[in-house]
Amino acid sequence: MTSKQCKEHRKKKLQRRFFQAVLAFIILILIIILVVWLVLRPTKPRFELQDAIINQLKTTSPNTLTTNAQVTLYSRNPNERIGIYYDRLLVYLSYRNQQITLPCDIPPFYQGHKDVNIWSPFLYGVSVPISPYVALSLGEDQNLGGLMVNVKIEGRVRWKVGTWVSGRYHLYVNCPAYMVKGSNGIRLQNPSGCSVDGIQGFLPSKANEVEASF
């Protein structure tokens, strides 16, 4: 074997060792992530709409809506080893995919392991522009004595494991609410579960860490 061939052989051997080391490092990181996930078992926070009442829902010409409502929301952190920082929560009312109240800002707070929080924010909307279709549908629903609205929550959250705190993640919560007309306003017929979207895993990467835009 010539000197040149020996150098090429050593070079290829070093390259193989380098790739083997990189592969072993990647496998080790994946194993660590899997073990941590199995130990912590991260679960999204759970939300429930416990009550809602609309005291005023008045349409005026040309196609504007005034709303006065109050909702009661329940939130629980189901994790035993993971805390949640709620950096910001905005709650508002939506009808047929159109926002009909201004967002109510819930003050930032920390939700510890298995902790529960309950809020009852007031939601207002004065002369909110709505489409003619929404105004027509709203009148029809009110005549029938019931309507479907959605209580929506948008926010920013961070996970906390021990002393480690993740980057910020978007939180989207949607609570469908069937409201029926009664003697004291339009009230939620039954408590409603909420869907929770937008939160990624508890081990953030730079690609997944998102700063909220609002």
So, does [X] use its side chain to make a donor-acceptor pair with the main chain of [Y] at under 3.5 Å?
X	Y	value
Gln98	Pro129	yes
Tyr85	Arg168	no
Lys160	Gly162	yes
Gln142	Leu57	yes

State, with a plain yes or no, whether a side-chain heavy atom of [X] is found less than 4.5 Å away from one of [Y].
X	Y	answer
Asn150	Leu93	no
Tyr74	Val116	yes
Ile27	Leu23	yes
Arg187	Asp51	yes
Leu138	Leu147	yes
Ser192	Glu48	no

With sequence neighbours excluded, give me every side chain to side chain donor-acceptor pair (under 3.5 Å) pair touching residues 99-112. Ser75-Gln111, Tyr86-Gln111, Arg88-Asp105, Gln111-Asn117
Rounded to the nearest 0.5 Å, how far does [atom2] of [Y] lie from [atom1] of [X]?
X	Y	atom1	atom2	result
Asn184	Asn55	CG	CG	8.0 Å
Ser195	Lys152	OG	NZ	9.0 Å
Phe122	Gln70	CZ	CD	3.5 Å
Ile53	Leu123	CD1	CG	12.5 Å
Arg81	Lys114	CZ	NZ	10.0 Å
Leu188	Thr72	CG	OG1	9.5 Å

With the threshold set at 4.0 Å, does a side-chain nitrogen-carboxylate oxygen contact exist between Arg96 and Asp141?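 Counted as a salt bridge, because a side-chain N and a carboxylate O are separated by less than 4.0 Å.
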Is it true that [X] and [Y] fall in one hydrophobic cluster, defined by side-chain heavy atoms closer than 4.5 Å?
X	Y	answer
Ile186	Leu144	no
Val196	Phe109	yes
Trp164	Ile84	yes
Tyr124	Met179	no

Test side chain to side chain donor-acceptor pair (under 3.5 Å) on Thr64 and Ser127; report intermediate values, then the result. CA-CA 5 Å; Thr64 59; Ser127 298; 4.8 Å; no
Nearest heavy atoms of [X] and [Y], plus distance in Å:
X	Y	answer
Tyr95	Met148	CD1-O, 3.4 Å
Pro121	Trp119	CD-C, 3.5 Å
Cys175	Leu73	SG-CD2, 4.1 Å
Thr43	Trp159	O-CH2, 3.7 Å
Val180	Gln189	CG1-NE2, 4.0 Å

Asp115 vs Asn77, side chain to side chain donor-acceptor pair (under 3.5 Å): CA-CA, chis, key distance, verdict: CA-CA 6 Å; Asp115 277 0; Asn77 177 9; over 6 Å; no
Could you walk me through whether Thr66 and Val128 satisfy the side chain to side chain contact (heavy atoms under 4.5 Å, CB included) test, starting with their C-alpha distance in whole Å, then the side-chain angles of each, then the deciding distance to 0.1 Å, before giving a yes or no? CA-CA 6 Å; Thr66 297; Val128 176; over 6 Å; no
ring-ring contact (aromatic ring centres under 6.0 Å, His included) with Tyr133: which residues, sequence neighbours excluded?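 ring-ring contact (aromatic ring centres under 6.0 Å, His included) list for Tyr133, sorted by chain: empty.
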Begin with the C-alpha distance, continue with both residues' side-chain angles, and end with the deciding distance and a verdict on side chain to side chain contact (heavy atoms under 4.5 Å, CB included) for Leu102 and Tyr92. CA-CA 6 Å; Leu102 295 172; Tyr92 61 90; over 6 Å; no
Go through it in stages, so that I can follow the logic: the residues are Ile106 and Val91, the test is side chain to side chain contact (heavy atoms under 4.5 Å, CB included), and I'd like the CA-CA distance, side-chain angles, deciding distance and then a yes or no. CA-CA 8 Å; Ile106 304 295; Val91 184; 3.9 Å; yes
I would like to know whether Leu65 and Lys58 meet side chain to side chain contact (heavy atoms under 4.5 Å, CB included); could you show each step before the answer? CA-CA 6 Å; Leu65 179 65; Lys58 181 181 179 182; 5.7 Å; no
